[in-house]
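Report on one structure; see the data block that follows.
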Amino acid sequence: MTFSLPDFPWDSLAPVKERASSVATDDGLGLVDLSVGTPVDPTPDVVQEALRSASDAPGYPQTWGTPALREAVARWFATRRGVPDLDPDGVLPTIGSKELVAWLPTLLGLRSGDIVGFPSAAYPTYDVGARLAGATPQVVDGLAALGPLTTSTTPKLLWLNTPGNPTGQVLGLEHLAKVVAWARRNGVVVASDECYAELDWRTERGSETAPTTPSILDPRVTGGSHEGLLCVYSLSKQSSLAGYRAAFVAGDPTLVRRLLEVRKHAGMIVPWPVQVAMAAALGDATHVEAQKATYAARRAMLLEGVRAFGLDVTHSNAGLYLWATAGEDAWTTLRRLAERGILAAPGTFYGTAGREHVRIALTASDERIAAAAARLGAGS
């Protein structure tokens, strides 16, 4: 089998980064890189202590994850996501969420001729994962856009991303329920990437009872059954654990067992000390609330500067990015930002729908976010 992969998009940022790095700034901080969403704050003590406690790990870990970890995930869904009925047997730890996104079509047995659907403004790895499996990547912006379905035009896998990266758009319960009903009528597996769920910036959230954004596994969405549904989640954002590669997939136990069988053969196993650290992180909401408050303060500062610079911010209701536009080509906006010593990501990295947007990350220190806000507001 052969497949073609796109060029790694961030490589094309080099000339803009070089220009942004060369700009002399009054604050003396040099380049403020807001092009990637990598956490910069310390990993919480409760997690570091758990990792240290598990550092003596001579034996092989469990691919399925320890019962304690799977139960911790189920409790987290019940207390934080409004999902009281997740079966711990339907939980599987993964080596970060990106590897699961990239390999899910392959793990599910998709092949040439099968369609993998994903949003028009989307994380590039949904497309890459389809290509790795030899399947066909297809933008699906609204189920009606698929038209009358046939065996050959019905997706085998449909990705949702809520809150979305790069847009920060949050899908509501009614929308999610309609997608699930449609998928079940047509035999489609739905995988929802929800790794920014704890970072919800909306002040009014209607009748939602969970402290996070709605989940695909919410009983008001599923009707009480997780059949055909998977939720992908990462602790990188909420707990500053990107370096741990700590994530999981949860939902339909039958689907999870299919993934487990392949992963056991392939040796795709989360290290046991990381599993212990994950359980500790999921059991401690205090550090999550503190991290959210830190990002909220950075977001408020940066939002003011971005608007002063003349950019409109669309969606961005949750997550770690401002999805902003000046109504011009994204690369033009990038070059104007570079003249202020600021690097962002062009919306074109996330599909043609982002051609007039830039994605500006909140993942920099307080000092650098404040500097970026000041630079954006200066002379505007």
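Positions are given from 1 along the sequence. We use all heavy atoms of the structure for the numbers below, so side chains are in, but hydrogens, waters and symmetry mates are not.
- Between Trp64 and Arg257, the closest side-chain pair of non-hydrogen atoms falls below 4.5 Å.
- Here the side chain of Thr222 pairs a donor or acceptor atom with the backbone of Gly224 at under 3.5 angstrom.
- Residues Arg263 and Thr63 bring no donor and acceptor atom of their side chains to less than 3.5 Å of each other.
- Between the side chains of Arg368 and Ser365, not a single donor N or O lies within less than 3.5 Å of an accepting N or O.
- In this structure, the side chain of Asp252 engages the main chain of Gly228 through a donor-acceptor pair within 3.5 Å.
- Not one N or O on the side chain of Gln238 forms a donor-acceptor pair closer than 3.5 Å with the backbone of Leu199.
- In this model, no donor atom of one side chain and acceptor atom of the other lie less than 3.5 Å apart for Glu194 and Thr162.
- Crowding of Asp11 atom CG: a count of heavy atoms from other residues, nucleotides or ligands under 6.0 Å exceeding 12.
- A salt bridge is defined here as a Lys NZ or Arg NE, NH1 or NH2 lying under 4.0 Å from an Asp or Glu carboxylate O, and Asp200 with Lys292 fails to meet this definition.
- Tyr244 and Trp272 are members of different hydrophobic clusters when ILVMFWY side chains are connected at heavy-atom separations under 4.5 Å.
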> Could you go step by step and tell me if Arg258 and Glu261 meet the salt bridge (Lys or Arg N to Asp or Glu O under 4.0 Å) rule?
Replying inline: CA-CA 5 Å; Arg258 286 172 58 185; Glu261 287 307 309; over 6 Å; no
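- The pair Asp89-Arg70 meets the salt-bridge criterion, with a side-chain N (NZ, NE, NH1 or NH2) lying under 4.0 Å from an Asp/Glu carboxylate O.
- Listed for the His357 side chain is no donor-acceptor partner under 3.5 Å among the backbone atoms of Ala330.
- Interatomic distance, OG1 of Thr154 versus CG of Leu149, reported as 4.0 Å (0.5 Å rounding).
- Considering all non-hydrogen atoms of both residues, Ala130 and Pro105 come closest at N-CG, 4.1 Å.
- Remark: the Gln169 side chain and the Asn317 side chain contain no N/O donor-acceptor pair separated by less than 3.5 Å.
- Salt-bridge annotation for Arg80 and Glu198: present, with a side-chain N of the basic residue lying under 4.0 Å from a carboxylate O of the acidic one.
- The nearest pair of heavy atoms linking Ser236 to Ala242 is OG-CA, 3.3 Å.
- Ion pairing between a basic and an acidic side chain is recognised when a charged N comes within 4.0 Å of a carboxylate O; Arg81 and Asp218 show no such pairing.
- Proximity of a side-chain donor or acceptor of Ser53 to a complementary backbone N or O of Leu51 within less than 3.5 Å is not detected.
- When all heavy atoms of Cys195 and Lys237 are compared, the closest pair comes out as O-CG, 4.0 Å.
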> Taking it one step at a time, do Asp26 and Arg375 satisfy salt bridge (Lys or Arg N to Asp or Glu O under 4.0 Å)?
Replying inline: CA-CA 9 Å; Asp26 293 339; Arg375 293 179 196 178; over 6 Å; no
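- Annotation: Trp159 is not in aromatic contact with Tyr123 [ring centroid separation under 6.0 Å not met].
- More than 12 heavy atoms of other residues, nucleotides or ligands shown are found within 6.0 angstrom of CZ on Arg52.
- No side-chain donor-acceptor contact under 3.5 Å links Asn186 to the backbone of Val188.
- In this structure, Thr294 contributes its side chain and Ala290 its backbone to a donor-acceptor pair below 3.5 Å.
- Here the CG atom belonging to Leu158 is positioned 6.5 Å from the CG atom belonging to Leu143, to the nearest 0.5 angstrom.
- In this structure, Gly30 and Thr25 approach most closely via the heavy-atom pair N-OG1, 3.6 Å.
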>> I'd like to know whether Glu99 forms a salt bridge (Lys or Arg N to Asp or Glu O under 4.0 Å) with Arg245, so could you lay out the CA-CA distance, the side-chain angles of the two residues, the decisive distance to 0.1 Å, and finally the verdict.
In response: CA-CA 9 Å; Glu99 66 96 339; Arg245 311 313 298 134; over 6 Å; no
> Would Asp41 and Arg298 count as a salt bridge (Lys or Arg N to Asp or Glu O under 4.0 Å) if you check the C-alpha gap in whole Å, the side-chain angles of each, and the deciding distance to 0.1 Å?
Replying inline: CA-CA 12 Å; Asp41 299 308; Arg298 291 172 184 164; 2.8 Å; yes
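- Residue-environment remark: CD (Glu289) exceeds the threshold of 12 foreign heavy atoms within 6.0 Å.
- Residue Glu367 places its CD atom among 12 or fewer non-hydrogen atoms of other residues, nucleotides or ligands, all under 6.0 Å distant.
- Residues Ala372 and Ile342 come closest through the heavy atom pair O-CD1, 3.8 Å.
- For CD of Gln48, the number of neighbouring non-hydrogen atoms (other residues, nucleotides, ligands) closer than 6.0 Å is greater than 12.
- One N or O on the side chain of Thr363 and one on the backbone of Val36 form a donor-acceptor pair closer than 3.5 Å.
- Side chain to side chain, Thr150 and Thr153 meet the donor-acceptor criterion of an N or O pair below 3.5 Å.
- Relative to the ring axis of Trp323, Arg359 does not place its NZ or CZ within 45° and under 6.0 Å from the centre.
- Pairing each heavy atom of Ala247 with each of Ser97, the nearest pair is CB-N, 3.4 Å.
- Side chains of Asn161 and Tyr196: no donor on one and acceptor on the other come within 3.5 Å.
- Atom CD of Glu328 has more than 12 heavy atoms from other residues, nucleotides or ligands within 6.0 Å.
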